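In listed order, ligands and their atoms are each counted from 1. Just so it is clear, the model here is predicted, and its values are computed rather than measured.
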Amino acid sequence: MIQVLPLAAFVLAKEHPAAQVPLEPSTALTAEPLTLDNIPLLGYGTWNLKGDNVSEAVSWAIQAGYRHIDCAAAYGNEDKVGRGIADGLAQTGLSREDLWVTSKLWNDHHGLNAPESAIDTTLQKLGVGYLDLYHMHWPVTQSSLGSRSVEYRDTWAAMGLLLEKGKTRHIGVSNFDPEQLKDLLNHTSHPPSVHQMEMHPYLQQNEWLGLHQKHGIHVTAYSPLAGSNPTYDPGNPVQLLNNTVITKIASKRGCTPAQVALAWGMARGTSVIPKSQNKERILENFGSLKCELKKKDLAKIDALGKAHHRYNNPAKAWKVDLYVGLEDSKGKHELHE
Ligand SMILES: NC(=O)c1ccc[n+]([C@@H]2O[C@H](COP(=O)([O-])OP(=O)(O)OC[C@H]3O[C@@H](n4cnc5c(N)ncnc54)[C@H](OP(=O)(O)O)[C@@H]3O)[C@@H](O)[C@H]2O)c1
Ligand SMILES: *[C@@H]1O[C@H](CO)[C@@H](O)[C@H](O)[C@H]1NC(C)=O
Ligand SMILES: *[C@@H]1O[C@H](CO)[C@@H](O)[C@H](O)[C@H]1NC(C)=O
Ligand SMILES: *[C@@H]1O[C@H](CO)[C@@H](O)[C@H](O)[C@H]1NC(C)=O
């Protein structure tokens, strides 16, 4: 695997001589790429990064210490994110292999043939020779919205070939439900390395998380600050970061509420990928690595899980059932403070 990576980078550079990012795809790796055993548990989310300073924000995140960047074709900003990655590496003197870079295949590139062109575009925009992780963003095919199709099986097979070609070091899924995950496992010899899903103290999904741990599938928690993302319908009387359980623990431990939420996620073994475009909050969230919670704090946060709420659910818009059997299926959130 390691030997094919430089080749992939080289091929990519030749195919795209006009790659806009001045990050040289190295012909020899200068360090061992990160592995799943040392995936940085704290990552930086890039959905909704927009406007003039997207690249600055990504570069700043790398300078602040983040070594894991979560991207997606669907976020429409991979070119700017890529420039930020190049700048962050230049500013810190780090190399590509010091970072864990994730991206995701959008619903319009499912099937046996399309995934390779999708990853090629992403690699070019991000200005990297390989990804550390490539997710199938949803178990949903754009062309068959309205039906629960199993085209994800073909898509997954195609993603397996991207691994063999060295274009990504791991492949993963996102937003699968239990039936879809089990079906995929029944139809592949290559289980996903990572499952990225919504997860936070208001959506803990202990049993579902446990199933992944049993199968050795790492879980990445998205929207780890719960309803803070303004594109979400708050749907919830008390924002997580204003919940007194969280704010009390924060002041006791000398942390901020966001740091408490992120530290809780990492304490469960999941990686967390908070997004912020704000310099101070980028630093604040990185500081969650220093936020030490006691067992009794974790237990208090666990108790918040009784009131579960899912913020990200395009099922209605796409007219397709999602998250069947998972928490939220009743769509109700009752707050137990
Ligand atoms: N696989 C998927 O389908 C999927 C779905 C959703 C998200 N994701 C990934 O997960 C990442 C994170 O999720 P998310 O962006 O939905 O939500 P999030 O990271 O939980 O919250 C982001 C929001 O919280 C604000 N914020 C950040 N830090 C804060 C702090 N310390 N205190 C108060 N507010 C803070 C941000 O505003 P400012 O920017 O102004 O600071 C932003 O509005 C995404 O960026 C994306 O990479 C993946
Ligand atoms: C981006 O611009 C916004 C608005 O001017 C500012 O609040 C934020 O701190 C900037 N972020 C970075 C990383 O420069
Ligand atoms: C997966 O295969 C097992 C064993 O054949 C079977 O019992 C199970 O129903 C299958 N699950 C799905 C979701 O297809
Ligand atoms: C948290 O509460 C304060 C005051 O109680 C309020 O001003 C603020 O808007 C709240 N923030 C959120 C995210 O709900």
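Shown in contact with A258 at under 4.0 Å from a heavy atom are these atoms of ligand 1, numbered in order with element: 30 (C), 31 (N). In summary, the atoms of ligand 1 found under 4.0 Å from a heavy atom of N312, numbered by their order in the structure, are 5 (C), 6 (C). Less than 4.0 angstrom separates some heavy atom of G45 from each of these atoms of ligand 1: 11 (C), 45 (O), 47 (O). Proximity to A57 (heavy-atom distance under 4.0 Å) selects the following atoms of ligand 2: 13 (C). Listed by number with element, the atoms of ligand 3 under 4.0 Å from a non-hydrogen atom of E179 are 13 (C). Taking a cut-off of under 4.0 Å to the non-hydrogen atoms of E284, the atoms of ligand 1 that pass are 31 (N). If you number the atoms of ligand 1 from 1 as listed, the ones under 4.0 Å from a heavy atom of Q277 come out as 38 (P), 39 (O), 41 (O).
Of all the heavy atoms in M159 and H135, the pair that sits closest is CE-C, 3.6 Å. V320 approaches G146 most closely through the heavy-atom pair CB-N, 4.3 Å. Taking each heavy atom of L240 and P224 in turn, the nearest pair found is CD2-O, 4.3 Å. A57 and L49 make their closest contact through CB-CD2, 4.4 Å (heavy atoms, listed as atom of the first residue, atom of the second, distance). Closest non-hydrogen pair, L99 versus L34, comes out as C-CD1, 3.6 Å.
For a threshold of 3.5 Å applied to N or O pairs, the pair formed by Q196 and ligand 1 contains at least one separation below that value. In terms of N/O distances under 3.5 Å, ligand 1 is approached by P224. The N/O atoms of W60, backbone and side chain alike, include none that comes under 3.5 Å of an N/O atom in ligand 2.
Looking at K104 and Q196, their side chains come closer than 4.5 Å, going by heavy atoms from C-beta outward. The closest side-chain heavy-atom distance from W208 to P178 is below 4.5 Å. Side-chain contact check for L211 versus L181: some heavy-atom pair is nearer than 4.5 Å. You'll find the side chain of D297 stays beyond 4.5 Å of the side chain of V260, heavy atoms only. Between W47 and N312, the closest side-chain pair of non-hydrogen atoms falls below 4.5 Å.
Nearest protein heavy-atom neighbour of atom 36 (C) of ligand 1: K275 O, 3.6 Å. When hydrogens are left out, the protein atom nearest atom 24 (O) of ligand 1 is S228 CB, 3.2 Å; that is the closest non-hydrogen contact. Of the protein's heavy atoms, R281 CD, 3.3 Å lies nearest to atom 29 (C) of ligand 1. In terms of protein heavy-atom proximity, atom 9 (O) of ligand 2 is closest to K279 N, 3.5 Å. Protein heavy atom at the shortest distance from atom 8 (C) of ligand 2 is Q277 O, 3.5 Å. The nearest protein atom to atom 44 (C) of ligand 1, hydrogens excluded, is given as W47 CB, 3.6 Å; this is a heavy-atom distance. Of the protein's non-hydrogen atoms, S223 CA, 3.9 Å is the one closest to atom 18 (P) of ligand 1. Nearest protein heavy-atom contact of atom 7 (O) of ligand 2 is N278 ND2, 4.1 Å. If you check which protein heavy atom lies closest to atom 26 (N) of ligand 1, you get L225 CD1, 3.8 Å. Looking only at protein heavy atoms, the nearest one to atom 10 (C) of ligand 2 is N53 ND2, 2.5 Å. In terms of protein heavy atoms, atom 28 (N) of ligand 1 is closest to N285 ND2, 3.0 Å. Nearest protein neighbour of atom 3 (O) of ligand 1, counting heavy atoms only, is N175 ND2, 2.9 Å.
Under 4.0 Å from ligand 1, not a single heavy atom of L49 appears. The backbone and the side chain of S276 each have at least one atom closer than 4.0 Å to an atom of ligand 1 (non-hydrogen atoms only). Contacts between L241 and ligand 1 below 4.0 angstrom, taking non-hydrogen atoms only, involve the side chain exclusively.
Looking only at atom types and distance, the side chain of S117 has no donor-acceptor partner in the side chain of D120 under 3.5 Å away. The closest side-chain donor-acceptor pair between Y222 and N229, if any, does not fall under 3.5 angstrom. Side-chain contact annotation: S103 with E78, donor-acceptor N/O pair under 3.5 Å present. Side chain to side chain, T122 and Y134 fail the donor-acceptor criterion of an N or O pair below 3.5 Å. For the residue pair Q205/R310, the side-chain donor-acceptor check at 3.5 Å is satisfied.
In this structure, K104 is part of the shell of residues with a heavy atom less than 4.0 angstrom from ligand 1. The shortest separation from a heavy atom of I273 to ligand 1 is under 4.0 Å, placing the residue in contact. Using a 4.0 Å cutoff on heavy atoms, Y75 counts as a contact of ligand 1. Contact analysis leaves Y311 out of contact with ligand 1, as no non-hydrogen atom separation drops below 4.0 angstrom.
Within 4.0 Å of atom 14 (O) of ligand 3, at least one protein heavy atom is present. In this structure, atom 5 (O) of ligand 2 has its sub-4.0 angstrom surroundings free of protein heavy atoms.
Distances from atom 2 (C) of ligand 1 to the heavy atoms of Y222, F286, W138, Y232 show the closest one on Y222. When L181, N186, D183 are checked for heavy-atom proximity to atom 1 (C) of ligand 3, N186 turns out nearest.
Judged by the 6.0 Å distance and 45° axis criteria, K279 is positioned over the aromatic ring of W60.
For T46 (side chain) and D70 (main-chain N/O), a donor-acceptor pair under 3.5 Å exists by modelled atom type.
Salt bridge absent: D183 and R148 never bring a charged side-chain N and a carboxylate O closer than 4.0 Å. One finds no salt bridge joining D302 and K295 here, because no Lys/Arg side-chain nitrogen approaches an Asp/Glu carboxylate oxygen to under 4.0 Å.
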